[in-house]
Amino acid sequence: MDGIDLKAYAKINLHLDVLGIAENRYHKVDTVMQTVSLCDDVTVALSEGESHSISCNIESIPKDRKNLAWRAADIFFERIGEKRAADIKIFKRIPVAAGLAGGSTDAAAGFRGLNRLCGEPMTLSELCELGAALGADVPFCIVGGTLFADRYGDLLHPIAEMPSCHMVVACGKEGVSTPWAYSTLDSCFGGFAEGAYSPKDLSPLRRALEDGDILSVAENIYNIFERAIEPEREEVTAIKEVMLARGAYNAMMSGSGPSVFGIFPDEKTAKLAEDELKTQGVAAFYCNPVKNQI
């Protein structure tokens with residue numbers, strides 16, 4: 001059967017905060033997530049082989065069970081009760097270990113593609129339930145657009161769309177391990193013991209999104225991880241400084257880093273910042289918000 005070509009969009013966090021730590025030791029978060037046009041290209045096909053096949057243009061990307069797209073195929077076929085195999089081709093543009101959900105969005109594309117190839121045996125909510133078993137970002141990447149998420153970042157709720165705007169997403173050379181990022185965050189905030197940290201009020205960002213006011217959106221973005229990770233990754237500060245000097249309304253780290261996104265007043269200003277970052281050897285990408293694709 002012919003394969004299905006899909007765009008696996010990167011994710012940024014317009015708001016990311018930690019409310020505490022649950023009894024299972026997972027961090028409870030509030031976050032507003034947004035898909036952007038920076039993407040991987042993923043082709044999903046059903047295979048005649050006995051085992052899944054993963055190929056990728058980046059040599060360091062796992063081609064076995066360590067790849068989330070492989071595991072997505074595993075649990076998809078297990079859920080629908082079929083012993084089949086998938087052939088998944090990934091062309092990566094999203095930087096690895098950058099806080100942009102690069103692995104999660106490839107897995108999400110795997111879920112969406114296999115569901116279509118198999119006649120859509122699963123609903124969207126069922127796909128999201130499966131995705132949550134792989135990672136908190138996967139359900140969001142299945143749906144996309146602008147969404148508020150709580151619990152561990154896997155429970156999705158409607159929120160007003162991000163208005164059309166011009167952005168640059170950039171990432172330095174040194175990645176960030178998510179477990180290390182959370183451990184560093186815990187050290188900064190006393191393990192989130194009672195009274196150690198007061199969460200940021202989300203309502204100004206909600207109002208800005210509802211009003212479609214991109215300047216106000218930019219003024220109200222927030223990421224708790226900046227206080228823990230930025231001192232450990234000098235490139236984060238350097239990238240933010242370039243963006244702000246080049247006219248960004250605001251610039252902030254996404255996820256647990258080290259990627260940074262800036263929101264700009266126009267395309268020309270954004271692309272000048274993109275060009276300057278590239279001359280400094282930084283991976284930088286002009287992009288725009290992407291609406292829900294479901």
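Note that the coordinates shown come from a computational prediction; the quantities given were computed from them, not determined experimentally. Just the heavy atoms: all of them, side chains too, but no hydrogens, waters or symmetry mates, feed the values below.
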Item to check | Check against side chain to side chain contact (heavy atoms under 4.5 Å, CB included), N250 and I263 | outcome: CA-CA 6 Å; N250 203 356; I263 301 175; 5.8 Å; no
Next on the checklist: Ignoring hydrogens and geometry beyond distance, is a side-chain donor-acceptor pair present between D186 and S183 at under 3.5 Å?
Outcome noted: no
Checklist entry - Shortest non-hydrogen contact from V176 to A181? => result CG1-CB, 3.8 Å
Next on the checklist: Using side-chain heavy atoms (C-beta onward) and a distance below 4.5 Å, is C128 in contact with V143?
Outcome noted: yes
Checklist entry - Any idea which heavy atoms bring S259 and A98 closest together, and the distance? => result OG-O, 2.5 Å
Next on the checklist: Main chain of G3, side chain of K89: is a donor-acceptor contact present, judged purely on distance under 3.5 Å?
Outcome noted: no
Checklist entry - With a 4.5 Å limit on heavy-atom distance, are the side chains of V18 and D30 in contact? => result no
Checklist entry - Is the side chain of N223 donor-acceptor paired with the backbone N or O of M253 at a distance under 3.5 Å, no angle test? => result yes
Checklist entry - Under 3.5 Å, side chain of T105 to main-chain N/O of A101, donor-acceptor pair present? => result no
Next on the checklist: Keeping Q34 on the side-chain end and P289 on the backbone end, is there a donor-acceptor pair under 3.5 Å?
Outcome noted: no
Next on the checklist: Do I75 and L124 sit in one hydrophobic cluster, given that two such residues count as connected whenever their side-chain heavy atoms are within less than 4.5 Å of each other, even indirectly?
Outcome noted: yes
Next on the checklist: Measuring from atom CG of L147 to atom CG of L156, what distance do you get when rounded to the nearest 0.5 angstrom?
Outcome noted: 5.5 Å
Checklist entry - Is M167 reachable from M252 through a run of I, L, V, M, F, W or Y residues, each pair having side-chain heavy atoms under 4.5 Å apart? => result yes
Next on the checklist: If you apply the rule salt bridge (charged side-chain N to carboxylate O under 4.0 Å, His left out), what do you find for K271 with E267, and how did you get there?
Outcome noted: CA-CA 6 Å; K271 288 190 172 179; E267 181 177 348; 2.8 Å; yes
Item to check | More than 12 heavy atoms from other groups under 6.0 Å of CD on E219 | outcome: yes
Checklist entry - With a 4.5 Å heavy-atom cut-off, do M33 and D137 have their side chains touching? => result yes
Checklist entry - Does a sphere of radius 6.0 Å around NZ in K63 hold more than 12 heavy atoms from other residues, nucleotides or ligands, not counting ones at 6.0 Å or beyond? => result yes
Checklist entry - Short question: side chain of H52, backbone of A86 - any donor-acceptor pair under 3.5 Å? => result yes
Item to check | Minimum side-chain heavy-atom gap F140-T35 below 4.5 Å | outcome: yes
Item to check | Donor-acceptor contact below 3.5 Å, side chain S37 vs main chain N288 | outcome: yes
Next on the checklist: Distance check, rounded to the nearest 0.5 Å: R112 atom CZ versus E120 atom CD?
Outcome noted: 11.5 Å
Checklist entry - Can you tell me how far CZ of F91 sits from OG of S55, rounded to the nearest 0.5 angstrom? => result 11.5 Å
Next on the checklist: Set out, in order, the CA-CA distance, both residues' side-chain angles and the distance that settles side chain to side chain contact (heavy atoms under 4.5 Å, CB included) for R65 and R71, then state yes or no.
Outcome noted: CA-CA 6 Å; R65 190 175 301 277; R71 290 161 59 191; 4.0 Å; yes
Checklist entry - Are I159 and V29 connected in the hydrophobic side-chain network, where two residues link if heavy atoms are under 4.5 Å apart? => result no
Next on the checklist: I'd like to know if the side chain of S47 and the backbone of D87 have a donor-acceptor N/O pair within less than 3.5 Å.
Outcome noted: no
Checklist entry - Is the shortest heavy-atom distance from the side chain of W180 to the side chain of I229 under 4.5 Å? => result yes
Next on the checklist: Given 3.5 Å as the limit, does a donor-acceptor pair link the side chain of D266 with the main chain of T269, or not?
Outcome noted: yes
Checklist entry - Would you say I12 and L100 make side-chain contact, with heavy atoms under 4.5 Å? => result yes
Next on the checklist: Let me confirm one number: the CZ-SG distance from R93 to C39, rounded to the nearest 0.5 Å.
Outcome noted: 5.0 Å
Checklist entry - Can you check side chain to side chain contact (heavy atoms under 4.5 Å, CB included) on K240 and E230, steps first, answer last? => result CA-CA 10 Å; K240 288 170 65 175; E230 191 169 349; 3.2 Å; yes
Item to check | Within-4.5 Å side-chain heavy-atom neighbours: L46 and C118 | outcome: yes
Checklist entry - For the hydrophobic clusters of this structure (ILVMFWY residues joined by side-chain heavy atoms under 4.5 Å, transitively), does one cluster hold both L14 and Y9? => result no
Checklist entry - So, does E161 use its side chain to make a donor-acceptor pair with the main chain of T146 at under 3.5 Å? => result no
Item to check | Spacing of CG belonging to L209 relative to CD1 belonging to I214, to within rounding of 0.5 Å | outcome: 8.0 Å
Item to check | Where V168 and A284 come nearest, the two heavy atoms and their spacing | outcome: CG1-CB, 4.3 Å
Checklist entry - Shortest non-hydrogen contact from V290 to V36? => result CG2-C, 3.5 Å
Checklist entry - Does a side-chain heavy-atom distance below 4.5 Å link R207 with S216? => result no
Next on the checklist: Quick check: closest heavy atoms across N13 and G255, and the distance to 0.1 Å?
Outcome noted: OD1-N, 3.0 Å
Checklist entry - Is it true that H27 and Y152 have ring centroids separated by less than 6.0 Å? => result no
Next on the checklist: Applying a strict under-4.5 Å side-chain criterion to I, L, V, M, F, W and Y, I'd like to know whether L215 and L205 cluster together.
Outcome noted: yes
Item to check | Ion pair check, D41 and K92, cut-off under 4.0 Å | outcome: no
Checklist outcome for this item: Closest non-hydrogen atoms of V217 and A208, given as atom of the first, atom of the second and distance, are N-CB, 3.5 Å
Next on the checklist: Whether R79 and E129 form a salt bridge (side-chain N of Lys/Arg under 4.0 Å from carboxylate O of Asp/Glu) is what I want to check.
Outcome noted: yes
Next on the checklist: I want to check a possible cation-pi pair here: R206 against F148, using under 6.0 Å from ring centre and within 45° of the ring axis as the test.
Outcome noted: yes
Item to check | Derivation and outcome, side chain to side chain contact (heavy atoms under 4.5 Å, CB included), residues F189 and R227 | outcome: CA-CA 10 Å; F189 295 105; R227 290 169 63 179; 3.5 Å; yes
Checklist entry - Do E126 side-chain atoms and T123 backbone N/O form a donor-acceptor pair below 3.5 Å? => result yes
Next on the checklist: Could you go through Y197 and D17, starting from their C-alpha distance and side-chain angles, then the distance that decides it, and tell me whether this counts as side chain to side chain donor-acceptor pair (under 3.5 Å)?
Outcome noted: CA-CA 10 Å; Y197 172 73; D17 208 357; 2.5 Å; yes
Item to check | F264 ring center within less than 6.0 Å of Y286 ring center | outcome: no
Checklist entry - So how far is it from L134 CG to L68 CG, rounded to the nearest 0.5 Å? => result 6.0 Å
Checklist entry - Taking 4.0 angstrom as the limit, do E235 and R233 come out as a salt bridge? => result no
